[in-house]
Chemist: 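Got a structure for you, written out below as C-alpha cells; questions coming shortly.
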Amino acid sequence: AKATQGRTSGTGSGLGLAISREFCRLMGGEIEVESVVGQGSVFRVRVPVKQAPPLARRCASRGVPQLRLQSSSPRILVVDDVEDNRCVLCSFLERAGFVVAQAGNGLIAIEMVERFKPAVILLDMRMPVMDGFETTRRIRLSHPSGIPCIVAVTASAFEEDRLAMMEAGVDDFLPKPVRYEELMACVGRALGLEPEPQEEKPPEPPIASERLRGLPRAVRESLKSAVLVADVERLRLHVDEVRALDARAADALAVLVESYEYDRLLDLLGGLS
C-alpha cells in the first residue's frame, strides 16, 4: 500500500536509495547524501577501483592476435542507432589503430560513405529511419564494385535472416554482443590484413576435472548454478569458497570467471556428478 501511495502522490517509497546503497556496498564502497529542504540533495558515491591494463596488453595475455596495419590506417564507419553500441565498437577500433567515424542511422551513413570513404562499414541491421537492409541496397547501387565491405552487426542467428542480408549485399556478419577477438577477426577478413606475429607462450595447465571432483558437492552445484544464470558476483563468492579448499583450482577458476568464459566453466563442471 505504501508503494502504491508513493506512485500516485509522486513521493516514492525510497527503495531506490536502499538498492543503490546495497550496490555500493557489494562493490566495497559507500554512498553518502547531503540534503537541504528547498535546495536539493547532493549524493557522493565512493567505490574502490583500479586502472585496467591497456587493451593491447590484456588481449596479448589472452592470446588475441593483433592486426598488422599498413602505413595508412584503414577507415571504418560504425552505424548503429544506439550510441552505447557505437561507442564500444569505436573504442575497440581506435585502440587497434583504425580511423573511425560513426552514424546513427542509414540515411546519415549513406551521406558519410561519400565524404568519409570507408573501407569497411559495420552496420546494425535493425534501425529506425532506414534499416540496414535498405542502407546496404542503396550503398551497393552506388558502389557496385564491392567497396566498401559491409559487415552486418546482428544478434540474429536465423539462417533465413542471414540469407536476406546477403541478398541485400552484406559481405560478412559480426554477432552481438560484439567481442574484441571476433571484431578483429572480422575486420581482418574484410581488409585482408595479417595478424601480428605473437610470442609463443607455453599453454596454461588445464583445470583437471579430477581436481574439482575433490570439492564438496554443494560447492560444485553452486558453481554450476551461478554459471547457468551468468551471476558473476555469486561466482566470485563461490570461487572464494573453493580457495579455502584448493587455492590452485580457485586461481584457475577465477581467471575463467573474470574473462567470462562460461562455456569452458560449464564444460569443466557439467560432467561432474
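All figures in this text were calculated on a predicted structure; none of them were measured in a lab. These values consider heavy atoms only, across backbone and side chains, with no hydrogens, waters or symmetry-generated copies.
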Chemist: Can Leu107 and Arg138 be said to form a side-chain contact (heavy atoms from CB on, under 4.5 Å), step by step?
Modeler: CA-CA 10 Å; Leu107 280 177; Arg138 294 197 184 190; 4.3 Å; yes
Chemist: In this structure, are over 12 heavy atoms from other groups packed under 6.0 Å from Arg137 atom CZ?
Modeler: yes
Chemist: With clusters defined by side-chain heavy atoms of hydrophobic residues (ILVMFWY) lying less than 4.5 Å apart, directly or transitively, does Met127 cluster with Val129?
Modeler: yes
Chemist: Are Val239 and Leu228 linked, directly or through other ILVMFWY residues, by side chains that come within less than 4.5 angstrom of each other?
Modeler: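 Linked, Val239 and Leu228 end up in one cluster.
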Chemist: Determine the minimum heavy-atom distance between Phe133 and Met125, stating which atoms define it.
Modeler: N-CE, 3.6 Å
Chemist: With sequence neighbours left out, what residues match Lys176 under salt bridge (Lys or Arg N to Asp or Glu O under 4.0 Å)?
Modeler: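 With neighbours one apart ignored, the set is Asp80, Asp124.
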Chemist: Has Ser222 got a side-chain atom pairing as donor or acceptor with Ala218's backbone, closer than 3.5 angstrom?
Modeler: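 Yes, because the side chain of Ser222 sits within donor-acceptor range (under 3.5 Å) of the backbone of Ala218.
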Chemist: Please determine whether side-chain contact (heavy atoms from CB on, under 4.5 Å) holds for the pair Met184 and Leu93, giving the CA-CA distance in whole Å, both sets of side-chain angles, and the decisive distance to 0.1 Å.
Modeler: CA-CA 8 Å; Met184 290 298 104; Leu93 294 165; 4.0 Å; yes
Chemist: Might you work through the side-chain contact (heavy atoms from CB on, under 4.5 Å) test for Asn105 and Met130, ending with a clear yes or no?
Modeler: CA-CA 6 Å; Asn105 62 58; Met130 181 184 292; 5.7 Å; no
Chemist: May I ask you to say whether Arg86 pairs ionically with Asp81, meaning some side-chain N is under 4.0 Å from a carboxylate O?
Modeler: no
Chemist: Do the side chains of Phe98 and Val120 get nearer than 4.5 Å, heavy atoms only?
Modeler: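 Answer no - side chains too far apart.
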Chemist: Should Phe173 and Ile121 be regarded as members of a common hydrophobic cluster, given that ILVMFWY residues are connected when their side-chain heavy atoms come within less than 4.5 Å of each other, either directly or indirectly?
Modeler: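 Phe173 clusters together with Ile121.
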Chemist: Show the nearest heavy-atom pair for residues Leu141 and Pro144, with the distance to one decimal.
Modeler: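 Leu141 and Pro144 have their closest heavy atoms at O-CD, 4.0 Å.
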Chemist: To the nearest 0.5 Å, what is the distance between CD1 (Ile76) and CZ (Phe92)?
Modeler: 13.0 Å
Chemist: Salt bridge (Lys or Arg N to Asp or Glu O under 4.0 Å) with Asp172: which residues, sequence neighbours excluded?
Modeler: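 Asp172 satisfies salt bridge (Lys or Arg N to Asp or Glu O under 4.0 Å) with Arg189 only.
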Chemist: Pick out which of Val79, Leu77, Val170 makes a side chain to side chain contact (heavy atoms under 4.5 Å, CB included) with Leu123.
Modeler: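 Answer to the side chain to side chain contact (heavy atoms under 4.5 Å, CB included) test with Leu123 among Val79, Leu77, Val170: Val79.
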Chemist: Please determine which of Glu241, Arg234, His238 meets the side chain to side chain contact (heavy atoms under 4.5 Å, CB included) test together with Leu223.
Modeler: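 Result: among Glu241, Arg234, His238, His238 is the only option passing the side chain to side chain contact (heavy atoms under 4.5 Å, CB included) with Leu223.
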Chemist: Please check if the side chain of Asp131 supplies one atom and the backbone of Glu134 the other of a donor-acceptor pair under 3.5 Å.
Modeler: yes
Chemist: Which heavy atom in Cys186 sits nearest to a heavy atom in Leu174, and how many Å separate them?
Modeler: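 In this case the closest contact between Cys186 and Leu174 is CB-CD1, 4.1 Å.
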Chemist: Indicate the atoms forming the closest heavy-atom contact of Ala103 with Ile108, along with that distance.
Modeler: CB-CG2, 3.7 Å
Chemist: Is Arg140 paired with Asp171 through a side-chain N to carboxylate O contact shorter than 4.0 Å?
Modeler: yes
Chemist: Name all residues meeting the salt bridge (Lys or Arg N to Asp or Glu O under 4.0 Å) criterion together with Arg236; count only those two or more places apart in sequence or in a different chain, and write none if there are none.
Modeler: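 Listed in chain order: Glu233, Glu258.
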Chemist: State which residues pass side chain to side chain contact (heavy atoms under 4.5 Å, CB included) with Glu160; sequence neighbours excluded, sorted by chain then number.
Modeler: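 If we apply the side chain to side chain contact (heavy atoms under 4.5 Å, CB included) test to Glu160, skipping adjacent residues, the hits are Phe158.
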Chemist: Counting only heavy atoms not in Asp263 (residues, nucleotides, ligands), do more than 12 fall under 6.0 Å from its CG?
Modeler: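 No - once you tally the heavy atoms of other residues, nucleotides and ligands closer than 6.0 Å, there are 12 at most.
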Chemist: Rounded to the nearest 0.5 Å, what separation is found between the CD atom of Glu261 and the CG atom of Leu253?
Modeler: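 These two atoms lie 11.5 Å from each other.
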Chemist: Could you see if Val151 belongs to whatever hydrophobic cluster contains Leu89? Use Ile, Leu, Val, Met, Phe, Trp, Tyr and a side-chain cutoff under 4.5 Å.
Modeler: yes
Chemist: Taking atom CD1 as the centre, does Ile147 end up with more than 12 heavy-atom neighbours from other residues, nucleotides or ligands that are less than 6.0 angstrom away?
Modeler: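 No, CD1 of Ile147 has 12 or fewer neighbouring heavy atoms, counting only those of other groups under 6.0 Å.
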Chemist: In a table with atom names and distances, give each donor-acceptor pair under 3.5 Å that connects a side chain of residues 109-116 to protein atoms at least two apart or in another chain.
Modeler:
none

Chemist: How close do Cys90 and Val100 get, heavy atom to heavy atom, and via which atoms?
Modeler: SG-CG1, 3.4 Å
Chemist: Using only heavy-atom distances, determine whether the side chains of Arg162 and Thr154 contain a donor-acceptor pair under 3.5 Å.
Modeler: no
Chemist: Are Val82 and Val153 connected in a single hydrophobic cluster, I mean Ile/Leu/Val/Met/Phe/Trp/Tyr linked by side-chain heavy atoms less than 4.5 Å apart?
Modeler: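 Hydrophobic grouping puts Val153 apart from Val82.
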Chemist: Side chains of Val178 and Val88: closer than 4.5 Å at any heavy-atom pair?
Modeler: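 Not in contact.
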Chemist: I need the minimum non-hydrogen distance between Ile31 and Phe43, along with the two atoms involved.
Modeler: CD1-CD2, 4.4 Å
Chemist: side-chain contact (heavy atoms from CB on, under 4.5 Å), that's the test. Do Leu183 and Leu122 meet it? Break it down for me.
Modeler: CA-CA 10 Å; Leu183 173 63; Leu122 300 178; 3.8 Å; yes
Chemist: Working to the nearest 0.5 Å, report the span between CG of Leu191 and SG of Cys149.
Modeler: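 Here the interatomic distance stands at 7.5 Å.
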Chemist: Just verifying a value: how many Å separate Arg243 CZ and Arg248 CZ, rounded to the nearest 0.5 Å?
Modeler: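 Rounded to the nearest 0.5 Å, the CZ-CZ separation comes to 13.0 Å.
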Chemist: Distance check, rounded to the nearest 0.5 Å: Gln102 atom CD versus Asn85 atom CG?
Modeler: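 Going from the CD atom of Gln102 to the CG atom of Asn85 covers 11.0 Å.
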Chemist: Using the side-chain hydrogen bond (donor to acceptor under 3.5 Å, both in side chains) criterion, which residues pair with Glu34? Sequence neighbours excluded.
Modeler: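 Here the qualifying residues are Arg44.
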